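A quick write-up on the structure given underneath.
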2 protein chains.
Amino acid sequence: MRTAIDPISDRPAYKQIADAIRDAVSSGEIGPGEKVPSEADLIRLFNVAQGTVRNALSLLRAEGLLRAEHGKGVFVRERPPMQRKASNRFRRSHRDAGKAAYTVDAEALGIKHDVEVFKVGPDVVPDEIAERLGVPVGSTVLVRSRRYLHGPTPTEIATSYVPWSIAEGTAMAEENPGPGGIYARIEEAGHRLGKFTEDVTARMPMPDEAKALHLPSGTPVMRVLRTAYDTNGVAVEVCDTVMTADLFVLSYELPAD
Amino acid sequence: MRTAIDPISDRPAYKQIADAIRDAVSSGEIGPGEKVPSEADLIRLFNVAQGTVRNALSLLRAEGLLRAEHGKGVFVRERPPMQRKASNRFRRSHRDAGKAAYTVDAEALGIKHDVEVFKVGPDVVPDEIAERLGVPVGSTVLVRSRRYLHGPTPTEIATSYVPWSIAEGTAMAEENPGPGGIYARIEEAGHRLGKFTEDVTARMPMPDEAKALHLPSGTPVMRVLRTAYDTNGVAVEVCDTVMTADLFVLSYELPAD
DNA sequence: TAGTGGTCTAGACCACCGC
DNA sequence: CGGTGGTCTAGACCACTAG
């Protein structure tokens, strides 16, 4: 690794140090999961103060390249294996086979998954959801809030909203909605599903999301806002999902005409 | 705005300051585009050293909440109007009308857009693309690399790859591929388009991407890797797009069966 | 020129980790 | 315990922006 700062360059010292570390990582000199030199080492190597070194390291952490472990050291982040959200995961044949959507994806990867239910019950609909669901602002909907995990790793937080008129008295309002998930229950309630739309955005996490998803700093989240429509074009469910960006690839298929 | 640090709490001072500013923003006390108190102000208000204040501010910049302008101040970031990538933007009817895909989206918003072509010509295919395109590693493809802008704001960098056997001698290899974009040219060359797949991921930008897209720190990018197939299921083009995350909503429509 | 953010130093103390 | 990262102070100088 380069260990000199060019005093002529007008690039700040901390950025030069960050460059040197970034290069060492991309050249393979320091591999994924390996430790970068300690702050004390870097202070000696580059002959700078601690603040300058910390500035360099915090830049690389914000970029998502490094991860710090208090008392142990700073390490190159390793990318865990990715999961796919296949665009066919809402097919009726899967529901008929008793599989919920996330089961389709997880099974395709042989991944053991868990679901933690935070809350299931009627509540006031958030304004943004009311608009998509086509219900009056302030009306009551069934709220299902839960977290998905792969082994010990939380991967996504999801909240579903169903008009209370559809959900009332069904298994949707139970902790476990039964085989095929809530979409199977919605169809049983007489609302045959016609299509889904998904709106995908990405941003940095809110502090509470970072906590719930165990996000290291420098990891963005993807947000998928999915609306389910029946065959009459009436919205019957909205699902708001926030997922760790580097654990997912969202795959979609589009017709040419 | 709160201006006191709880000395009993074990939450670090810089995080308490960040919390106070975050609260002031979310309560509307400081609106989008408005200036937050200067470093000197915050030093006085909270009775801390400059380093502590800077720590708080850089946290909020990494979160994407604030944006600093050297010599002027630190401001609450304003979210510009979002653009939609409609899932129908590859319809043949649009191509027949002479519209390229990005034109469909931009027109829908009444946005003036520009394209800057970086490079058009034959080159060696990157390994990752070769796999998707189904061509041998190391073979030659047409590479079209360009940047899209809305007014002065760069929004996305896109690179298309077409097997040289398809592209050779056509207008695809020109700077301006003509009406309907390269998909129209691909169809003219006898490859009727059957479907597209898009794989969406999000991450923090590489330094060169941050530069090319004028990204403020704390802004992630979305990456869309699109593959176009002809009606025989043969891949005819791959497009690798990196876009400023907070300027886009990707919209998709999924059938229920 | 005064006020702003950007960089850097030197030194201190703390909290966490592993031996 | 020694080594690691985390927080904080006090003060300095620089670069940019505006009046």
Side-chain angles (χ1 to χ4, degrees), chain A residues 3-21 30 33-63 65-77 207 210 214 216-218, chain B residues 3-21 30 33-63 65-77 207 210 214 216-218:
Chain A
T3 61
I5 288 173
D6 179 359
I8 297 153
S9 160
D10 55 358
R11 190 162 176 79
Y14 80 98
K15 285 191 180 174
Q16 293 191 41
I17 297 173
D19 290 343
I21 296 173
I30 312 177
E34 283 178 31
K35 190 174 167 303
V36 306
S38 74
E39 289 186 4
D41 289 343
L42 293 168
I43 289 167
R44 277 189 297 275
L45 287 170
F46 289 92
N47 249 296
V48 293
Q50 191 203 15
T52 307
V53 164
R54 285 192 66 76
N55 228 330
L57 292 174
S58 73
L59 181 64
L60 295 172
R61 280 187 298 157
E63 285 178 13
L65 186 68
L66 304 181
R67 153 187 60 84
E69 288 185 40
H70 197 162
K72 295 178 68 178
V74 178
F75 303 84
V76 178
R77 227 188 259 174
H214 298 183
S217 61
Chain B
T3 60
I5 287 173
D6 179 358
I8 298 153
S9 160
D10 54 0
R11 188 161 178 80
Y14 80 98
K15 286 191 182 175
Q16 293 191 41
I17 297 173
D19 290 344
I21 296 172
I30 313 178
E34 283 179 31
K35 190 172 167 302
V36 307
S38 74
E39 290 185 1
D41 289 342
L42 292 168
I43 289 167
R44 278 190 296 276
L45 287 170
F46 289 93
N47 249 297
V48 292
Q50 191 202 17
T52 307
V53 164
R54 284 192 66 75
N55 228 330
L57 292 174
S58 72
L59 181 66
L60 296 171
R61 280 186 298 157
E63 284 179 13
L65 185 69
L66 303 182
R67 154 185 60 84
E69 288 184 42
H70 197 161
K72 296 177 68 176
V74 178
F75 303 84
V76 178
R77 241 198 245 159
H214 298 181
S217 62

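Here is how names work: the chains are called A, B, and so on, in the same order as the sequence lines, proteins then strands, and each is numbered from 1. Please read all numbers here as calculations on a predicted model, not as lab measurements.
Sequence order on DNA chain C of the closest nucleotides to A:Glu69 and A:Ala49 puts A:Ala49 first from the 5' end.
In this entry the distance linking CD of B:Glu39 with P of C:dG3 reads 15 Å, nearest Å. Rounded to whole Å, atom P of D:dG5 lies 11 Å from atom CD1 of A:Ile21. Atoms CD1 (A:Ile43) and P (C:dG11) sit 12 Å apart, rounded to a whole Å. Between A:Gln50 atom CD and C:dC8 atom P there is a gap of 15 Å when expressed in whole angstrom units. The CZ-C1' distance, from B:Arg11 to D:dG6, rounds to 14 Å in whole Å. B:His70 has its NE2 atom 5 Å from the C1' atom of C:dG5, to the nearest Å. Atom P of nucleotide D:dT7 and atom OH of B:Tyr14 are separated by 3 Å, given to the nearest angstrom. We find that CZ of B:Phe75 is positioned 12 Å from C1' of D:dA18, with the value rounded to whole Å.
In terms of phosphate contacts, A:Thr52 brings no side-chain nitrogen or oxygen within less than 4.0 Å of OP1 or OP2 of C:dT7. Side-chain nitrogen and oxygen atoms of B:Lys72 include at least one within less than 4.0 Å of the OP1 or OP2 phosphate oxygen of D:dA18. Between A:Arg54 and D:dG6 there is a side-chain polar atom (N or O) within less than 4.0 angstrom of OP1 or OP2. For B:Ser38, no side-chain nitrogen or oxygen approaches OP1 or OP2 of C:dG3 to under 4.0 Å.
The main-chain N or O of B:Arg11 is found under 3.5 Å from a side-chain atom of B:Gln16 such that the two form a donor-acceptor pair.
Between B:Tyr14 atom OH and B:Leu42 atom CG the span is 16.0 Å, to the nearest 0.5 Å.
Side-chain contact check for A:Gln50 versus A:Val53: every heavy-atom pair is 4.5 Å or farther apart. Side-chain contact between B:Asn47 and B:Ile5: absent, with no pair of heavy atoms (C-beta onward) separated by less than 4.5 Å. Considering only heavy atoms from C-beta on, B:Ile17 stays 4.5 Å or farther from B:Leu59 through its side chain.
Residue B:Ala40 has its side chain nearest to C:dT4 when only C:dG5, C:dT4, D:dG5 are considered.
C:dT9: Watson-Crick or G-U partner is D:dA10, with both key distances under 3.5 Å.
Using a 4.0 Å heavy-atom distance criterion, A:Arg61 is classed as a sugar-phosphate-only contact.
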